[in-house]
Amino acid sequence: KDVKAKKDMQNTRAETEKEYGSFKEEKDRFDNYVSTFMEQGVKKALDEYTETEQEDPQIMADIQNNLKSKVVNIVEEELGKDRKVSEMSESQVDILYLINERVKNELLS
């Protein structure tokens with residue numbers, strides 16, 4: 001499955017070469033997707049806790065760390081270990097576009 005997914009991604013990348021925005025637009029889109037994902041994820045996760053537990057800063061921290069790690073996994077799969085979107089150069093806009101598509105399809109759906 002992974003090999004096929006990678007091949008599909010490469011095909012998508014080739015076909016959509018002209019369809020991504022400027023680096024700034026893609027960066028804004030990334031920030032937007034991540035904040036939306038974090039908000040929705042926290043809300044969803046908190047539903048599983050009692051009101052008292054929801055007040056617990058440790059539970060909130062755990063939820064946020066769990067959500068962040070999902071975003072980090074996608075970023076690191078595309079950029080490499082310990083790499084961050086904030087360190088990307090403008091020439092990597094195609095990779096940022098790909099990260100955005102993955103965040104949208106894998107985390108926001």
Trainee: What closest approach, in Å, do D94 and S91 show between heavy atoms, and which atom pair accounts for it?
Mentor: OD1-O, 3.8 Å
Trainee: Taking D47 first and then K43, would you say they form a salt bridge - that is, a charged N and a carboxylate O separated by under 4.0 Å?
Mentor: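 No, D47 and K43 are not salt-bridged.
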Trainee: Checking N105 side chain against E101 main chain: does a donor-acceptor pair fall under 3.5 Å?
Mentor: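 Yes: the side chain of N105 pairs with the backbone of E101.
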Trainee: For residues F30 and V103, report the shortest heavy-atom separation together with the two atoms involved.
Mentor: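 Minimum heavy-atom contact is CE1-CG2, 4.5 Å.
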Trainee: What is the distance from atom CG of N100 to atom CD of E26, rounded to the nearest 0.5 Å?
Mentor: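 Separation between the atoms: 5.0 Å.
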Trainee: When you check the gap from the basic side-chain N to the acidic O, do E90 and K27 get nearer than 4.0 Å?
Mentor: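 So E90 does not pair with K27 through a salt bridge.
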Trainee: Output the distance between atom CG (L107) and atom CD1 (I74), rounded to the nearest 0.5 Å.
Mentor: 4.0 Å
Trainee: Counting only heavy atoms not in E87, do more than 12 fall under 6.0 Å of its CD?
Mentor: yes
Trainee: Looking at OG of S22 and CZ of R29, how far apart are the two atoms once the value is rounded to the nearest 0.5 Å?
Mentor: 11.0 Å
Trainee: Does V72 share a hydrophobic cluster with L108, counting links as ILVMFWY side-chain heavy atoms below 4.5 Å and allowing steps through other members?
Mentor: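 In one cluster: no.
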Trainee: Is it the case that the side chain of N65 and the backbone of A61 share a donor-acceptor pair, with hydrogens and angles ignored and the cut-off at 3.5 Å?
Mentor: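 Checked: pair present.
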Trainee: Side-chain contact test, heavy atoms from C-beta onward, threshold under 4.5 Å: evaluate it for V42 versus Q64 and give yes or no.
Mentor: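 Yes, at least one pair of side-chain atoms sits under 4.5 Å.
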Trainee: Can you check whether T50 reaches E53 side chain to side chain, under 4.5 Å on heavy atoms?
Mentor: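 Side-chain contact under 4.5 Å: yes.
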Trainee: Do E77 and N73 meet the criterion of a side-chain donor-acceptor pair at a distance under 3.5 Å?
Mentor: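 There is no such pair between these side chains.
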Trainee: Distance check, rounded to the nearest 0.5 Å: D56 atom CG versus E51 atom CD?
Mentor: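 Result: 14.0 Å between the selected atoms.
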Trainee: Answer whether the closest heavy-atom distance between the side chains of Y20 and L98 falls below 4.5 Å.
Mentor: no
Trainee: Calculate, to the nearest 0.5 Å, the distance between atoms CD and CG belonging to E39 and L67 respectively.
Mentor: 11.5 Å
Trainee: Would you call E106 and K70 a salt bridge, taking side-chain N to carboxylate O under 4.0 Å as the test?
Mentor: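 So E106 does not pair with K70 through a salt bridge.
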Trainee: Search all heavy atoms of K104 against all heavy atoms of Y33 and return the closest pair with its distance.
Mentor: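 Scanning both residues completely, I find the closest heavy atoms to be CD-OH, 3.2 Å.
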Trainee: Are R102 and E78 close enough, and set up right, to give a salt bridge (charged side-chain N to carboxylate O under 4.0 Å, His left out), and what steps lead you there?
Mentor: CA-CA 10 Å; R102 287 193 57 193; E78 296 302 332; 2.8 Å; yes
Trainee: Any side-chain heavy atom of L79 sitting closer than 4.5 Å to one from I99?
Mentor: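 Yes, their side chains come closer than 4.5 Å.
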Trainee: Taking Q92 for the side chain and S89 for the main chain, is one N or O donor matched with an acceptor at less than 3.5 Å?
Mentor: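 Checked: pair present.
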Trainee: Quick one, V71 and V85 - any side-chain contact, counting heavy atoms below 4.5 Å?
Mentor: no
Trainee: Contact between E76 and R83 at the side-chain level, heavy atoms closer than 4.5 Å - yes or no?
Mentor: no
